[in-house]
Amino acid sequence: EPALIFDLGGKFDKSFNEAAYTGAERWAEETGGTYREIELQSEAQREQALRRFAEAGANPIVTMGFAMADPLSTVAPDYPDTKFVVIDVSWLDVPNLRQVAFAEHEGSYLVGMMAAMASKSGTVGFVGGMDVPLIRHFGCGYAQGVKAVNPDAKIVANMTGTTPAAWNDPVKGSELTKAQISQGADVIYAAAGGTGVGVLQTAADEGILSIGVDSNQNHLHPGKVLTSMLKRVDVAVYEAMKAGDAVETGVFTMGLAEDGVGYALDDNNADLVTDEMKAAVDEARQKIIDGEITVTSYYENDSCPALSF
Amino acid sequence: MDFLTIVQVLDSTIRLSTPLLLACLAGLFSERAGIFDIGLEGKMLAAAFFSAAVAAVTGSVWLGLAAGTLASLVLSALHGLASITFRGNQLISGVAINFLASGITVLIAQDWFSQGGRTPSLMGGARFEGLEFPFAIGPSDAEAAGSTVSQLIADAGPVQQVYSELLSGHSVLVYLAFLAVPASWWVLYRTRFGLRLRAVGENPAAVDTAGVSVVGLRFAAVAICGVLCGIAGAYLATALQAGFVKEMTAGRGYIALAALIFAKWRPWHAMFACVLFGFLQAIALRYQAVRLGDFTIPVQVMDALPYILVVVILAGLVGKATPPRAGGEPYVKER
Amino acid sequence: MDVMPKWAEVVLVPLISLLLAAILSALVILGIGEDPVAAVTLMVDGALGSTYGWGYTLYYATNFMFTGLAVAVAFHARLFNIGGEGQAMLGGLGVAIACLYVPWPHWSLALIAATISAGIFGAAWAALPAWLQAKRGSHIVITTIMFNFIAAAVLNYMLVTAMRPEGAMDPATERFAPAMHLPTLHELLAPLGIEFSKAAPANISLLVALAACVLVWVLIWRTRLGYEIRAYGHSENGARYAGISPVRITMIAMLISGGLAGMMAINNVMGEAERLVLNATEGAGFIGIAVALMGRSHPFGVFLASILFGFLYQGGAELALWTNIPRELIVVIQALVILFTGALDNMVRLPLERLFLALRRPTTTPQGK
Amino acid sequence: MAGAEPTEQRVTAAPAIELRGISKAFGPVQANKNISIRVMPGTIHGIIGENGAGKSTLMSILYGFYKADAGDILIHGKKVDIPDSQAAIAAGIGMVFQHFKLVENFTVLENIILGAEGGGLLRPSLAKARRSLLELERDYGLNVDPDSVIEEIGVGKQQRVEILKALYREADILILDEPTGVLTPAEADQLFRILRRLRDEGKTVILITHKLREIMEITDSVSVMRRGEMTATVRTAETGPEELAELMVGRKVLLRVDKAPARPGKPVLEVRDLRVRDGAGVERLRGIDLEVRAGEILGIAGVAGNGQSELLEVLGGMREGAGAVSINGRALPLSGHGADGQARRADGIAHVPEDRQREGLIMAYHAWENIAFGYHRDARFCGAGGMMNHAEMRRDTEDKMARFDVRPPDPWLTAKNFSGGNQQKIVVAREIERNPDLLLIGQPTRGVDIGAIEFIHQQIVALRDAGKAILLVSVELDEIFSLSDRIAVMFDGQIMGERLPAETDETELGLLMAGMSGEAA
Ligand SMILES: Nc1ncnc2c1ncn2[C@@H]1O[C@H](COP(=O)(O)OP(=O)(O)OP(=O)(O)O)[C@@H](O)[C@H]1O
Ligand SMILES: Nc1ncnc2c1ncn2[C@@H]1O[C@H](COP(=O)(O)OP(=O)(O)OP(=O)(O)O)[C@@H](O)[C@H]1O
Ligand SMILES: [Mg+2]
Ligand SMILES: [Mg+2]
């Protein structure tokens with residue numbers, strides 16, 4: 001029986017964790033299987049949750065987020081017969097661990113292009129969650145996409161905070177959005193987990209466009225969310241669970257080519273995405289897959305060519 | 001900072017001061033009657049949850065407000081039972097209420113909505129909308145002009161900016177909170193009820209021997225406290241935000257208490273104190289790190305600033321803040 | 001003449017209060033559509049049914065002994081220290097500094113150093129509220145609450161900027177060196193031939209906590225300082241009369257209190273996580289209040305209450321793991337325990353007093369001198 | 001004599017007040033036992049009894065402050081139910097409590113209308129009250145400024161406010177619980193004039209007092225209470241102070257202290273220009289000069305609240321002050337280091353504080369813990385490493401209990417479970433047995449029955465005869481007269497004058513206590 005450990009934002013953050021939940025539910029529906037799950041409440045619980053599931057024989061144990069890296073590196077070796085899966089980690093050296101990372105900068109590049117095309121003011125915004133390299137990685141891809149369309153565009157970027165609480169602070173998300181609007185932003189990309197709910201809400205209230213993240217968030221405010229940068233955590237979780245205890249370990253990266261990232265298009269935003277926009281973005285997507293366009297990763301040298309944080 | 005930014009920070013100050021102000025006035029009524037209340041936080045939290053939950057289910061924000069107020073009143077009644085009827089320790093009762101609210105909201109939220117202790121996001125009539133003043137720039141103007149409100153306001157003159165951005169466009173509860181200040185003053189200093197309420201916080205035996213029920217007065221005060229906390233909580237969940245998330249009060253109840261001490265238990269001063277704290281929160285929310293020349297104030301300092309200020313104020317600026325003399329002490333006639 | 005015999009006051013009142021809290025908790029569980037019996041069975045099984053469960057129960061209990069004693073010591077001086085949480089956080093910082101920056105050759109030396117360092121950090125965090133209370137009359141309840149928030153910001157700053165290892169994303173220190181590893185109960189009991197779960201984090205800090213219980217008992221009931229602390233707690237005027245300096249007692253009691261709260265960190269930071277993470281205290285500072293109230297501020301009572309709350313914590317974790325009941329159920333139960341034992345105690349005491357009075361009245365009506 | 005009815009029954013009118021079989025217990029304490037009493041309209045009725053006899057309790061029941069466990073109340077012949085003060089006020093009863101029930105930071109006017117506002121809004125109520133107040137002032141000569149704040153006026157004025165409160169509510173029956181304790185003789189005289197006037201108007205007055213002189217002076221009839229029971233009711237005209245005293249205590253009492261003339265030695269305590277400010281910055285001692293010699297008792301007389309407490313406290317190290325104080329020629333620090341109770345004890349000063357329950361004892365401590373209180377740092381009570389020597393403390397307690405006849409002689413009893421007199425014996429034993437050079441002693445017999453008073457007085461005199469200096473503060477003039485070798489009178493933080501007991505009388509001291517300077521007196 002597999003187990004799933006959600007990160008602090010909680011299972012229903014409408015974003016990162018919810019994507020995992022969607023994947024797990026899909027697996028449960030298709031196979032009729034059941035799985036164990038827990039939403040962490042504090043840092044200190046990580047290790048206990050891992051151990052408890054491992055002791056109880058759960059296999060594989062799917063965990064969410066880079067903060068699991070450290071607990072996994074101590075717990076996983078204690079349970080060599082159990083397979084562990086972690087999302088957003090790619091640097092550990094643990095034999096019984098499957099590490100899945102995403103090429104978020106590529107997906108963000110695409111939504112950045114769309115933002116630049118939808119913006120009338122030439123200023124777009126980015127609200128990140130916790131200020132960590134991962135989120136800068138998002139913002140960096142986004143900024144490159146924006147500049148690709150409109151080299152003169154101004155990008156206003158803010159981070160919500162420096163701790164995991166930043167994943168779940170809609171009030172601050174809302175205030176940052178207002179601040180960005182006052183600086184002229186008329187499209188804002190939220191890569192901030194549960195905080196993004198506040199960003200999207202305020203953007204809709206104030207009559208500007210927003211871009212969701214991880215899950216498809218277009219439905220939250222139909223006609224007000226330009227698109228969502230999809231990060232197929234659901235697929236990663238689904239596949240891990242489907243493979244069961246035979247899940248392949250090692251480091252896996254999911255980019256545009258693997259359909260690991262992308263942008264969302266559905267009825268809710270059909271009117272917002274012009275054909276021209278769609279054509280341009282799809283073309284860029286192909287070029288990135290083909291290697292004709294390279295989106296610089298923030299990780300390469302911890303800095304971004306298009307945006308300074 | 002240009003003028004519009006200042007206006008916007010002040011606008012945000014008003015939004016953030018509102019729950020503090022309501023909670024502070026709530027505490028004022030309770031403490032003026034001699035019942036200390038560190039359970040403001042819990043009452044607000046319970047109200048936030050129940051208002052959002054009922055608004056989400058019924059689609060009516062007014063029903064939500066009523067439910068939130070009721071929830072807060074129930075906790076007030078509990079506090080009254082413990083500290084008035086059974087003459088228990090008021091601080092401990094307050095601590096228990098904070099725990100209770102923090103647990104029960106998530107527990108019920110999970111039971112009702114299964115969304116990890118949240119309510120669903122509130123839409124349309126389930127939220128308080130901003131009131132648009134006459135001649136102020138609002139969404140209708142934006143639609144007509146084919147632009148956004150913020151764009152129109154940015155293009156307008158300073159007077160219109162202040163009028164439309166700062167004064168107009170808040171939810172009805174914001175105006176209610178600020179009107180509650182003169183109303184509280186009037187009730188406390190101009191009515192019989194206010195006289196008795198202040199007296200019972202100073203010397204309950206005087207009230208008792210004057211033939212007025214101490215228990216009745218104190219329960220009335222605690223009930224007013226409950227209603228105001230209820231509105232504060234409902235404001236958080238249905239006006240400031242669109243739904244309940246756990247621990248969403250985030251220490252506002254304690255800040256309100258500190259503001260109350262800072263204000264020396266007086267309504268107008270309470271307003272100034274709350275606006276000050278709201279302003280600090282607005283700054284901390286809007287600016288990640290504040291640069292002063294070469295030196296950057298870290299974001300953690302900004303986050304902690306309201307709390308640090310409370311300590312500084314308590315330590316130095318307040319002078320001796322004499323609380324109501326019978327405050328915190330149960331009224332015991334027979335040992 | 002007391003109305004009630006002492007045993008009734010000390011045992012009967014808390015017990016009945018606890019019972020009321022339990023009944024209400026059961027109603028709450030029923031209210032969210034779960035089966036209280038099943039829930040309790042799961043909790044008991046998860047917390048006490050295996051050495052693994054015991055290991056976690058005792059681990060949590062160790063935390064609560066420290067914070068409970070902290071609150072209790074302050075209570076004896078009639079100081080309501082709500083700042084245990086912040087003091088314990090700072091204690092964590094103390095432990096981390098002691099363990100990260102000095103290459104201790106052996107865990108025992110590291111433990112001594114970490115205990116002292118944690119105590120000093122915790123005490124330091126209590127010092128300013130204490131001083132403000134003593135000198136300026138700033139209400140210690142408000143200042144300690146504020147210091148909890150400020151502690152979170154300090155820790156946040158330290159973990160995000162100063163102590164986060166190069167390249168790491170999550171705000172936490174790096175792991176302590178293996179030499180700092182404290183023996184767990186598994187390792188301690190193995191030589192005695194007792195099999196104890198390897199996975200559970202209960203460790204030698206438990207013994208330190210037990211020693212602290214004894215020492216606090218000696219301090220409060222046997223030493224001159226304890227005599228003065230209690231006297232001050234009972235009557236500030238009396239203390240002034242006897243030449244017991246209120247400022248001194250306030251400071252000392254709060255420093256001891258803060259120090260005890262800070263020492264909790266040897267358990268959770270050094271004994272369990274072996275690195276400092278955000279929110280390492282997991283609310284133990286607040287639980288200390290409930291523990292001290294339930295334990296009537298007596299070290300032995302604190303010990304018993306800590307075990308009870310350790311059980312609740314571990315049982316609650318099990319609930320969250322295996323059922324849909326959120327962990328917050330435990331917070332509700334704690335709230336009810338605090339409410340009934342701390343604030344509604346008269347609800348139980350008054351009828352009991354009447355009962356005892358009725359039982360006694362006939363024999364004592366003629367009042368002699 | 002006990003239990004006697006007034007010999008001559010007035011049959012013309014129903015009693016204004018009749019209590020039948022009132023009983024009241026506070027937990028295990030039976031404060032009132034089956035009490036019956038009748039008071040005729042248009043009379044002043046006195047109630048006397050030792051402390052704790054249940055006088056205040058009985059009157060509080062009549063006023064609806066407490067609820068009786070059993071018994072009936074009849075007002076003007078009609079049975080009434082008085083569950084709260086509201087009902088008492090409605091029945092025409094007004095009460096001035098032993099401890100005033102005023103809101104300190106309210107004005108006089110606000111205090112007067114509280115509970116009798118007569119409308120939801122304050123302004124009209126205050127205006128109406130202001131008008132009635134003028135009339136009451138005219139009629140009774142009770143002048144107070146309606147706009148002054150209670151905490152800023154003296155106790156005498158505060159008492160007038162309490163009386164005005166009752167009159168404003170048109171009370172027909174007025175109860176006064178020890179009203180003269182806080183008044184100067186002149187103020188007391190004025191109060192009595194008002195009471196007589198009320199009686200002449202047909203109102204009924206009940207007066208609780210400890211002073212037999214006042215009973216004889218103003219009442220028409222008097223009831224005596226002892227240990228919760230009503231032991232007698234007599235007509236004042238038909239009794240005398242000796243008989244009343246005997247009724248109160250249940251045996252013949254000797255009210256005078258036997259003592260030889262003092263043989264004062266060298267000065268032990270010298271005080272020059274001592275000044276003390278309170279927390280609010282108000283000067284409570286305004287330049288005190290005094291001297292106490294070895295082998296003499298200096299008595300400080302004065303109405304409560306004129307700085308006597310502050311004097312004891314600053315000498316005892318409980319508060320800071322300025323000026324020069326020396327003991328046996330050694331200067332004492334008055335602030336900062338060395339100005340605390342510990343240091344004072346080391347300097348040979350013992351202190352029996354005015355309020356034994358708030359200061360002298362820790363009520364929750366066992367008797368044996370209290371015996372070391374203040375001396376807990378003495379080597380004999382301390383073991384190694386900061387420990388206390390409990391065995392020695394208990395041994396010492398048993399010792400002192402035997403010598404001071406503390407009852408019950410149980411070291412394990414907590415202080416709150418001793419009666420007032422025995423609590424006081426514990427404190428006095430602790431302080432006197434130290435054999436100090438100087439004993440500060442405040443209100444040594446407040447709340448103590450006559451038997452214990454005799455004993456405590458003897459101990460004080462014995463200490464004097466052993467050549468020690470004693471500074472006595474008491475509000476009881478009788479006590480001052482019977483113990484002091486010299487008497488100093490304090491008023492408003494100053495010494496108004498010094499007299500020898502043989503060369504003065506109550507009238508002169510009364511004038512000094514009221515602030516009339518020595519020359520005028
Ligand atoms: N509120 C109370 N709770 C408990 N016991 C009380 C209370 N008030 C009075 N008592 C007790 O009842 C008894 C009678 O007290 P009461 O105050 O009536 O005496 P009193 O005659 O007025 O004495 P005094 O002359 O000192 O005023 C005392 O033993 C006292 O300790
Ligand atoms: N507040 C109280 N709590 C508990 N017991 C009390 C209280 N007040 C009085 N008592 C008990 O009632 C008894 C009588 O107390 P009270 O103070 O009335 O004594 P008393 O008759 O005035 O004696 P004394 O003349 O020595 O002052 C005491 O022995 C004491 O045990
Ligand atoms: Mg009395
Ligand atoms: Mg007595």
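Per chain, numbering begins at 1; letters A, B, ... match sequence-line order. Bear in mind the structure is a predicted one, so any value in this text is a computation, not a measurement. Only heavy atoms go into these numbers, but all of them, side chains included; no hydrogens, no water, no symmetry mates.
Counting non-hydrogen atoms of other residues, nucleotides and ligands closer than 6.0 Å to CZ of D:Arg395 gives a total above 12. Shown here is D:Arg358, whose CZ atom has no more than 12 heavy atoms of other residues, nucleotides or ligands within 6.0 Å.
With a 4.5 angstrom heavy-atom cutoff, D:Arg345 touches chain C only via side-chain atoms. With a threshold of 4.5 angstrom between heavy atoms, D:Tyr365 approaches chain C through side-chain atoms but not through N, CA, C or O. For D:Ala343, no part sits under 4.5 Å from any heavy atom of chain C, backbone or side chain.
Residues C:Arg224 and D:His376 have side chains in contact (heavy-atom distance under 4.5 Å, counting atoms from C-beta outward). Between C:Tyr241 and D:Arg356, every side-chain heavy-atom pair lies at or beyond the 4.5 Å cut-off. When side chains are defined from C-beta on, D:Ile362 does not count as touching C:Arg230, because their heavy atoms never get closer than 4.5 Å.
Between C:Arg240 and D:Glu359 no salt bridge is recorded (no basic side-chain N to carboxylate O distance below 4.0 Å).
Scanning both residues, C:Asn237 and D:Met318, for their nearest heavy atoms gives O-CE, 3.9 Å.
Using a distance-only test at 3.5 Å, with no hydrogens or angles considered, a donor-acceptor pair links the side chain of D:Gln342 to the main chain of C:Ala242.
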Exercise. Please test D:Met393 against C:Tyr227 for side chain to side chain contact (heavy atoms under 4.5 Å, CB included), starting from the C-alpha separation and ending with a verdict.
Key: CA-CA 13 Å; D:Met393 287 159 75; C:Tyr227 179 92; 4.1 Å; yes
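Taken from CE in D:Met363 to OG in C:Ser235, the straight-line distance is 10.0 Å, to the nearest 0.5 Å.
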